[in-house]
Amino acid sequence: MEVKRVKYPIGLQSFKAIREGGYVYVDKTEIAYNLTQDYKYVFLARPRRFGKSLLLSTLKSYFQGDRELFDGLAIQHLEKDWKKHPVFLISFARLDNNDPESVSSILKQQFQVWEEEYGIVDNDKLKLGPRFSNLIRIAHKVSGEKVVVLVDEYDNPLINTLDNDDFHEINKSLLKSVYTNLKDLDEYIQFGMLTGVSRFTQLSLFSGLNNLTDVSLFSDYSTICGITQKEFVDNFKIGISKFAEKEKISFEEAIDIFKQNYDGYHFSENLVDIYNPYSLLNALASSKIGNFWFETATPTFLIKRIHKEKIDLSFLFNQETGGLSLTSEDAKHSSLLALLFQTGYLTIKDHKKIAFRDKYLLGIPNREVKEGLMYGLAKEYQDKDSSKILVSIERMKDSLESGEPEVFLRELKSYFIGIPYNVTQNVTELFFENNTYIILNLLGIYCNAEYVTSHGRIDLLIQTDEYVYVIEMKLDGSPKEALDQIESKDYALPFQFADKKIFKIGVNFSSETRNIENWIIK
């Protein structure tokens, strides 16, 4: 049976181009319309490539009165007037991080286009802040309608200059001078919205905007970007069927594979599952599972900071925190946990209120993020060729699945040999545990660092279909000491009825050789 071809809007951020080009479109117009009715000034944070630009483009078409583009969509039955407002959409998505004049150039170019549209002359003689204010006033006067201001990727000039203090402060000062000039323009503005990855710097930058509402964690708007499970099944049946046919699996099994890899994001306490739209569209278009988002969206500074902070990775990616810690104001002083959440590497896994205070359990959203993040960390910790890491990982996986712990430990030792001396100076047990944790997560095998039993914590627990590996690690101790701890605290007891062969393994690391020294397997 011939499968109908579907056009996926990969890389397209224009609502007009998607609608006119016959691309598949997940209808978000009702929730977008509600947002414009509920608030005047809005801020929304979402990870990169999550549909923020498309959302603003949709709002632009709506406020410009492009009614025909919305035929058949939910908003068609909600809006009656379809007024044509002046819309100023500023985008910082394309920015030259090496040019301190880049932000200024982007603003000047966009202002000039609008000034020509409204017949404004000599406005370029003003500084950027007053120039924008004058533009808004005149556009309102000429059109007879209030102005809409939309800013896409507001924080791009700030995030991308975190490692350059001079550029960072130049950009921050310039943006603040523009935004603060909007303070006294309420009577000329119909609606204003800013989007970005992060909430840090928000309050200081936008102090000139009255009543800016951050809806990033509001339940009513948790699905405004991304794709829900229902939207996925309703809109992509053809793509799911095509993938299922290629892989010779059922429709339901195909859905489960997509879910494991790209679902699992939560942007409010109601925990509605959201798929990453960029990865999902790429996977559907290619009928292939890949790490599409991670390959294009990983900021180098984040990987380096995780390594630099020398913390237990197993706890970092499964940690409880208060709501305030997720909304830090300053990128340079924001906690690592907040950065990981805001950039999409952690998401809300559970929520509860304690004495009316929000408590969130954060974790990695899905397999794509887990594999991509661990691979990035492996390269950072190892500082070696990517292909060598992958080969080593595959050998370790084969040995664990075939019940050969001796081979696994030899491969693990070989892996540590490749770590440069400068990386392992001042080595600690945590360094070896974190590297092993990264490796096991890349293996795609169930592993748990610091697994809690009734008698203590197992350093590493690994389980495959047929085997259980209980591993205790010591630094500058002895493998016998590690094995004795497993025995004395009955670490293997919870798994004796699992119908699997159990291996108890004591491992000793040497700070002198910066590697595994010896081991005992029982």
Side-chain angles (χ1 to χ4, degrees), residues 247-250 253-254 256-261 288-291 294 313-314 317-318 364 366-379 381-382 384-419 432-451 453 458-473 479 482-483 486 491-507 509 515-516 518-522:
E247 298 296 328
K248 297 180 174 55
I249 58 178
S250 70
E253 288 172 325
D256 189 55
I257 289 174
F258 284 114
K259 185 174 182 64
Q260 289 177 29
N261 282 276
K288 180 181 179 181
I289 300 299
N291 291 337
F294 190 87
L313 295 181
S314 64
F317 299 126
N318 186 33
I364 297 176
N366 53 48
R367 183 178 293 167
E368 178 192 30
V369 176
K370 181 179 180 179
E371 290 182 357
L373 185 58
M374 293 302 162
Y375 182 57
L377 287 170
K379 289 197 293 184
Y381 274 68
Q382 278 275 301
K384 67 192 297 188
D385 183 75
S386 303
S387 61
K388 292 181 180 178
I389 294 176
L390 292 176
V391 170
S392 181
I393 293 296
E394 284 302 312
R395 287 174 179 167
M396 288 188 225
K397 183 176 182 179
D398 290 342
S399 63
L400 288 170
E401 289 181 335
S402 58
E404 299 177 283
E406 191 82 31
V407 176
F408 166 72
L409 290 166
R410 286 202 301 268
E411 285 294 334
L412 187 60
K413 184 173 184 177
S414 177
Y415 177 90
F416 281 118
I417 288 174
I419 301 178
F432 292 114
E433 288 182 0
N434 278 345
N435 268 281
T436 308
Y437 177 79
I438 291 169
I439 293 166
L440 295 175
N441 274 279
L442 281 170
L443 292 175
I445 292 175
Y446 174 86
C447 75
N448 197 317
E450 299 291 333
Y451 183 88
T453 73
I458 303 171
D459 280 346
L460 279 172
L461 172 69
I462 306 172
Q463 295 190 66
T464 68
D465 290 341
E466 299 181 28
Y467 304 98
V468 175
Y469 301 86
V470 179
I471 303 174
E472 188 66 25
M473 299 185 292
L483 189 62
I486 295 174
Y491 283 162
L493 188 62
F495 314 102
Q496 64 179 349
F497 301 111
D499 197 27
K500 297 180 181 182
K501 181 175 176 57
I502 299 173
F503 290 101
K504 304 172 188 176
I505 305 172
V507 179
F509 288 96
N515 207 326
I516 295 175
N518 45 23
W519 59 78
I520 297 177
I521 302 171
K522 183 175 179 182

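Because only heavy atoms are used, hydrogens play no part in the values below, and waters and symmetry mates are left out as well, while side chains stay in. Since this is a predicted model, take the numbers as computed values, not measurements.
Remark: Ile486 CD1 to Lys522 NZ distance equals 10.0 Å, nearest 0.5 Å. Rounded to the nearest 0.5 Å, atoms NZ (Lys413) and CZ (Phe509) are 11.0 Å apart. To the nearest 0.5 Å, the span separating CD on Glu368 from CG on Leu373 amounts to 11.5 Å. Here CG of Leu412 is found 8.5 Å from CH2 of Trp519. Values are rounded to the nearest 0.5 Å. To the nearest 0.5 Å, the span separating CD on Glu406 from CD1 on Ile521 amounts to 4.5 Å. Rounding to the nearest 0.5 angstrom, the gap separating the CD atom in Glu404 from the CZ atom in Arg410 is 8.5 Å.
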side-chain contact (heavy atoms from CB on, under 4.5 Å) assessment of Glu401 paired with Asp465: CA-CA 8 Å; Glu401 289 181 335; Asp465 290 341; over 6 Å; no
What side-chain donor-acceptor pairs closer than 3.5 Å can you find for residues 496-506, not counting sequence neighbours?
unit_1, atom_1, unit_2, atom_2, d
Lys500, NZ, Thr464, O, 2.8
Lys504, NZ, Glu487, OE1, 3.2

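Between Tyr467 and Leu400, every side-chain heavy-atom pair lies at or beyond the 4.5 Å cut-off. The closest side-chain heavy-atom distance from Phe408 to Lys397 is not below 4.5 Å. Side-chain contact between Ile439 and Tyr415: present, with at least one pair of heavy atoms (C-beta onward) separated by less than 4.5 Å. Inter-residue side-chain proximity for Ser399 and Glu411 is flagged as unmet; no heavy-atom pair is nearer than 4.5 Å. Annotation: side chain of Ile249 is in contact with side chain of Ile257 (closest heavy-atom distance under 4.5 Å).
For Asn441, the side chain to side chain donor-acceptor pair (under 3.5 Å) criterion is met by Lys370, not counting sequence neighbours. Remark: Ile520 engages Pro479, Lys480, Leu483 in a side-chain contact (heavy atoms from CB on, under 4.5 Å) (not counting sequence neighbours). In terms of the side chain to side chain donor-acceptor pair (under 3.5 Å) criterion, Glu247 has no residue partners (sequence neighbours excluded). Annotation: side chain to side chain donor-acceptor pair (under 3.5 Å) contacts of Arg367 (sequence neighbours excluded): Gln260. With sequence neighbours excluded, the residues that form a side chain to side chain donor-acceptor pair (under 3.5 Å) with Tyr491 are Gln485.
The closest donor-acceptor contact from the side chain of Asp459 to the backbone of Ile471 lies at 3.5 Å or more, if one exists at all. Checked by atom type and distance alone, the side chain of Tyr375 never pairs as donor or acceptor with a backbone atom of Leu442 at under 3.5 Å.
In plain terms, the two heavy atoms of Pro405 and Tyr469 that are nearest each other are CB-CE2, 3.9 Å.
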